Amino acid sequence: MIVPGSPEMISQLEAVFDLEPSAAMFKATAKQYARTDRVIPESEWMKRAPYVRAINMLKKEKDAVILAHNYMTPDIFHGVADIVGDSLQLAIEATRVKQSTIIQGGVHFMAETSKILSPEKTVIIPDSRAGCSLAESITAADIAKMRAKYPGAAVVSYVNTTAEVKAASDICCTSSNAVDIINAQEGDLVIMTPDGHLAQNVAKQTDKKIVYWEGACEVHIEFKADELREYRKYEPDAVIIAHPECPTDVVDEADFSGSTAGMINYVRENKPEKVLLITECSMGSNIADEVPEVNFLGPCNLCPHMQRITLEKILWSLHTGNEEVIVEEALAAKARLAVQRMIDLK
Ligand code: 13P
Ligand code: SF4
């Protein structure tokens, strides 16, 4: 089997598609390039244009839709994605799309969520190795242990979990609706998994008592409150926006905290002259063209899992149908209950 991203994959693609950079290819993708020319140099787009063109032609032929998370790189986000959004928006869109195939621009738990919500569709992830430190931090057996320790407490699990963990939970949440979901649970005590930092940030905004699993996002725990204080010293007018997967002292230092869509909307609506997006690096690049008056200052960290998804692998997945995401139906039905309860409460 050919490994996604390998030289064999590229040579097989080159044998089937016209992937030679040319002025004609550049012109054919000018509309997409105009949305990202502030962050991708022309010489670089020249190489990506043939892939953008091939993907956009092939997805129509294959009746496929590309759902892309806000952390996808700008060539994917602006070049080939049909629908972009945060985890909640993508989950909702997965229930609405008309096409028979979903190509998931994102990590494995996102593709699994799409499959759980749209079992009749073919869901494909361009690289199944695109994992998530949060999803890998907890199992269904861990949920059972927490239930035994805190009998009667509802289990709210972040969508950044496997289908098994969703199936063992009462309801899911995302970073955009976590406070509302926690508040909607019966009883004073709620179990929240697997992100300990998100749980502690939510705990500050609710009267419920939250007990949590100590998982962490490997990207957001790298941000330090000291680092933000240093930036404030040198850039006192800069607005700091942090994702709630960051540690509480980092979020406390920020002027605003929200999901990836919440962060984008804040920048769109407020157009701060200088901004620090304390999250994955691709976010700033994806909105740079839309808000040319905003200067994006550092720091940012890359998610190695999100970065596994590339234009080349998307073309390969459309061409070969690999790798299809399968969730056994009995498990999917249980997991669907937890995700659907979240969507219904939105
Ligand atoms: P949201 O898009 O829901 O804010 O999620 C962030 C994230 O880390 C997804 O992997
Ligand atoms: Fe997981 Fe963090 Fe990467 Fe999102 S950014 S996929 S939470 S490791």
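Order of appearance sets the numbers: ligands from 1, and atoms from 1 within every ligand. All values reported here derive from a predicted model rather than from experimental measurement.
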In the protein, what heavy atom is nearest to [atom], and what distance, to one decimal place, separates them?
| atom | value |
| --- | --- |
| atom 7 (S) of ligand 2 | Asn160 ND2, 3.2 Å |
| atom 1 (Fe) of ligand 2 | Cys132 SG, 2.4 Å |
| atom 5 (O) of ligand 1 | Ser87 OG, 3.3 Å |
| atom 3 (Fe) of ligand 2 | Cys303 SG, 2.4 Å |

Exercise for the section: Would you check whether Glu280 reaches within less than 4.0 Å of ligand 2, judged by its heavy atoms? Expected result: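 It does not; every heavy atom stays at 4.0 Å or beyond.
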Is the shortest side-chain N to carboxylate O distance from [X] to [Y] below 4.0 Å?
| X | Y | value |
| --- | --- | --- |
| Arg232 | Asp255 | yes |
| Glu93 | Arg96 | yes |
| Asp127 | Arg129 | yes |
| Arg341 | Asp344 | no |
| Glu290 | Arg38 | no |

Practice task
Kindly indicate, with the supporting measurements, whether the criterion side-chain contact (heavy atoms from CB on, under 4.5 Å) is fulfilled by Glu253 and Lys224.
Solution key: CA-CA 10 Å; Glu253 248 348 283; Lys224 306 286 175 235; over 6 Å; no
Output the list of atoms in ligand 1 that are nearer than 4.0 Å to some heavy atom of [X], sorted by atom number.
| X | answer |
| --- | --- |
| Met110 | 9 (C), 10 (O) |
| Ser259 | 4 (O) |
| Ser175 | 1 (P), 3 (O), 4 (O) |
| Asp86 | 1 (P), 2 (O), 3 (O) |

Atoms of ligand 2 less than 4.0 Å from [X] heavy atoms?
| X | result |
| --- | --- |
| Ser133 | 8 (S) |
| Tyr71 | 5 (S) |
| Val219 | 5 (S) |
| Leu134 | 7 (S) |

Practice task
Step through the shown structure and confirm whether more than 12 heavy atoms of other residues, nucleotides or ligands are within 6.0 Å of NZ on Lys27.
Solution key: no
Handout entry: N, O or S from Cys217 under 2.8 Å to atom 2 (Fe) of ligand 2
Key =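 True for Cys217.
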Exercise for the section: Could you tell me how the ring of Tyr71 sits relative to the ring of His69: parallel (under 30°), tilted (30 to 60°) or perpendicular (over 60°)? Expected result: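 Aromatic pair Tyr71/His69 classed perpendicular.
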Exercise for the section: Report whether Val267 and Val251 are members of the same hydrophobic cluster (ILVMFWY, side-chain heavy atoms less than 4.5 Å apart, transitive linking). Expected result: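 No: no chain of side-chain contacts under 4.5 Å links Val267 to Val251.
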Practice task
Indicate if Val275 and Tyr231 have the same hydrophobic cluster label, given that clusters are the connected sets of ILVMFWY residues with side-chain heavy-atom separations under 4.5 angstrom.
Solution key: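 No, Val275 does not connect to Tyr231 through the hydrophobic network.
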Practice task
Pick out which of Asn286, Thr279, Thr260 makes a side chain to side chain donor-acceptor pair (under 3.5 Å) with Asn70.
Solution key: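 Only one of Asn286, Thr279, Thr260 forms a side chain to side chain donor-acceptor pair (under 3.5 Å) with Asn70, namely Thr260.
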Completion exercise
Among Met306, His243, Glu245, His220, the residue with a heavy atom nearest to atom 8 (O) of ligand 1 is Glu245
Exercise for the section: For ligand 1, note which part of Val107 has a heavy atom under 4.0 Å away: side chain, backbone, both or neither. Expected result: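 For Val107, no heavy atom sits under 4.0 Å from ligand 1.
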Exercise for the section: Check whether any heavy atom of His69 sits under 4.0 Å from an atom of ligand 1. Expected result: yes
Practice task
Could you tell me whether ligand 1 has any atom less than 4.0 Å away from a heavy atom of Asn70?
Solution key: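 Contact absent.
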